[in-house]
Each structure stands twice: as C-alpha cells, then as structure tokens.
Number of protein chains: 2
Amino acid sequence: MQPTVTAALTRALFEEWAARGYAAISLERVAKTAGVGKAALYRRWSSKLAMVSECSEQLGIELATIPDTGTLEGDVRKLLGGLRRLLRHPIVSRILPDLHAEMPRNPELAQAIRGRLQTERRRRAATIVERGIARGELDERVDPELVNDILGGVIYWRMIVTGGQADSRYLDRLTRFVVAGIREQVSRE
Amino acid sequence: MQPTVTAALTRALFEEWAARGYAAISLERVAKTAGVGKAALYRRWSSKLAMVSECSEQLGIELATIPDTGTLEGDVRKLLGGLRRLLRHPIVSRILPDLHAEMPRNPELAQAIRGRLQTERRRRAATIVERGIARGELDERVDPELVNDILGGVIYWRMIVTGGQADSRYLDRLTRFVVAGIREQVSRE
DNA sequence: ACCGGACGAAACGCAAGCGTTCCGACGCTC
DNA sequence: GAGCGTCGGAACGCTTGCGTTTCGTCCGGT
C-alpha cells in the first residue's frame, strides 16, 4: 500500500465531490484523476460509501481552538474570522452544503459527521460562553446552544446559501450584533 | 394536455427530489410514481433540467406577506414562526439544502432560484426594518441585509443543518436576541 | 539475483436511466 | 360514427458507472 497513492485518491475524491456533488461522484473518475487504476482504489475501500465515510472524517480536524483574546467581543470576532476562512475554501464551500443535503438521506454518513464536526463546533461556542461568564461579562444562564446556532448560522447562510461575501466590515457588524444579543438574551428573563 | 397529468408529474418530481436528491432524480421513476408514461412527461418538458427549473419556480410562492403586528418584536416573531412552519414541511426541508448545494454547480438553476426566493425574502426583511424605522423603534441606518441574514440564517442552520428542533421557547429567545442585536447594531456606530 | 506484492491499464458482465419511438385504447369534437 | 389528440405501456439503442478480473510491469526486501 503506497501512501502516496492513498493521498492522491483522497484528494481526487474531494475534487470530484466538489465538482459534481455527492450523488454524482464517480469512482472511475476519482481513480483517473488520481492517476491510478481502479484496482488500487478498491484495494483500500470496499465501496463508494466506505470511501466517502472514511475520508469525510478528515474534514473538521483543522478547526483550531479559539485563542483567548481577553474579551467576549474579541473572541466572537476571532471565531467568525476563522469560520470565514474555512467557508472561503473552494472545496469546503462546495462540499459542506452537499453534505448537509445528503445527511438526512444517509444515516451512516450523518452519524460520522454529527459525531465529529458538530460536536467540535458546539464545544467551541461553549468555550467562548464560559470565558464570558468567568470574566463576569455574561450572566451564567446564557444558552450556549443558541449562541452556537447564531455564530454558525448567520455566516454559513451568508456565504454558502446566498452566495454573498462577508468583508471585514460585515464581520464587525455581525460581531456587535451577536455580542449585544448574547447580553440581552438573559438580562430580560 | 390533461392538467391532472401535469399536476401528478409535478408532485411526483418533488417527492422523488426529496427522497433521492437532485443529482439522483430519475425521470423514469417520476413518471412511474405519477402513474404516467414517459412520453407524457417528455411532451411537457424537454429534459430533466427543463422540468426541474420550471417546477422550482413554484417553491417560494406561498410566502405570505408579514402582517403588521405593531411592534418590531412582534413582526420578527411572526416572521420566524412562518419560517419555522415552512422549514418543517417534509418536502421543503429536504429540497432546500439540496437546492443550495446544486446552485453553485448549475448557473441556470441558480438564476431561477435567486431571482425568486431570495428577492422575496429580502423584501420581507426590508419591510420589517422599514416599519421599525417608521415607528421610531429603529435608527434609519440599520442594514436590512444583515437583518435578513440573521432572520433567515439562524433558523435555517438550526432546523436544516444541525437537524435540531425549534420550539416556541427557542423562537422566543431568538426573537429577543435578534431585536436586541438590531437595536445595538447602530446605536454604537 | 530472485520473488512477491502493489502498481496502471484494460476488459468484463451487469444495472440504471436517458431520450425516442411505436402501439393499442380511450375520450372529445364535429 | 369518424377522426384526432392524448393517454399508459413497452421496447429501443446508447451511455455511464459499478465492482471484478486479468494481464504485464516495477520496485523493495532477502
């Protein structure tokens, strides 16, 4: 098993996925793109689902932990900046919506993804909220789940769904929006 | 051209779309589901793309205008409630993410969708903001675009991407969050 | 120098689905 | 009641892609 061949196949899979969409992935084209025979592919994975499931797990790994900037607003801005960088990636930006569309139809895939990407994301939102509480910036009743939805949802919607861009000015406004919302969420309850 | 046949084909297309995903739509199955010969289908649409493009335009029509509740908070809550009802629809909730994944790969489809759904959505967000300004609840510098992203993005993310549910309590908190954010957005600029 | 495993390439049988064509049946209009 | 258009159903040739198999080759270990 040559590792270079495995790497070439994995990279080719993501290219094919981004270009054609999940359902239209052809392992024939993947092998050809990788400059590899089909036999080498089937020696590693038994089917399309097996290959996709295993390779998908590499998607969310690069998400670094959020550095502590000292303020809630700084942390939020930093997180949004990281998300923007991720969603700008030409491969990721095409694969993510495809993945989300496929998950309800493919329980095995859904389990692999939810177990990895989303747990990680939730953890990061929780970290930010906890820091805010520890600093005294936030009431302890703030719901990390809602904060997580807002941090992820708005920028995902903006960049992926509507195809709009998110410049620094946009991120700044969004940051202020989110911070104000987090504070207000509890102060009136 | 029997209208009942056209209706049966259209309905069958959406069922097939929701069940299999855009790329895996089979017009053979669509015709069979509709209880119709393939000839009847191809007498109406020249290809899969033609059928999907035309039928897609029926998706966003039902979006009613937002009733004026008298307060910004009431309007926002009403809009979110309507979105929740839409996103709970079993067919819509499956087709929408599939559509968003397919749009970057299919310019013709993208144009049809962006021209209909998104323009309509933007208009509704703008209406709410304008009412808020007219009532004196909002500063006139509020950016309707950002408001639109937040209204649509968070609940879409919550219900479609993460597969979570949005109960009334969640919508109430989200409403407070959004209203607070809208106000704060400008007051500090 | 030899031997075995992984390699690229090509062909296999099979299934699905495209868009087309032909058929006989049914219903409406004149 | 004769004629025309649409209907459902079936088959057509064609392409794509699956997963398998068979080659001959190349490279690394002993």
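First the proteins, then the strands, lettered A, B, ... as listed; each starts at 1.
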Test item: B:Val30 and B:Met51 side chains (from C-beta on) under 4.5 Å apart, heavy atoms: yes
- prompt: What residues, two or more places apart in sequence or in another chain, satisfy salt bridge (Lys or Arg N to Asp or Glu O under 4.0 Å) together with A:Asp172?
  reply: A:Arg77
Could you pull out all residues at least two apart from [X] that satisfy side-chain hydrogen bond (donor to acceptor under 3.5 Å, both in side chains)?
X	answer
A:Ser26	none
B:Trp45	B:Glu54
B:Glu16	B:Arg29
B:Thr6	B:Arg44

- prompt: Rounded to whole angstroms, how far apart are NZ on B:Lys32 and P on D:dG8?
  reply: 14 Å
Sugar-phosphate or base contact per nucleotide [nucleotides 11-28 of chain C; S, B, -; heavy atom under 4.0 Å]: ------BBBBB-------
Any residue meeting side chain to side chain contact (heavy atoms under 4.5 Å, CB included) with [X], in chain and number order, not counting sequence neighbours:
X	result
B:Arg94	A:Pro104, A:Arg105, B:Ala18
A:Ala24	A:Arg20, B:Ala23
A:Lys78	A:Pro67, A:Thr69

task: Can you sort out the partners of B:Tyr170 under ring pair (Phe, Tyr, Trp, His ring centres under 6.0 Å), two or more places apart, ordered by chain and number?
output: none
- prompt: When you measure from every atom of DNA chain D, which of residues 1-12 of chain A have a heavy atom less than 4.0 Å away?
  reply: none
statement: Per the under-4.0 Å heavy-atom filter, residues of residues 101-110 of chain A near DNA chain D come out as none
Any B:Arg43 side-chain N or O less than 4.0 Å from OP1/OP2 of D:dC7: yes
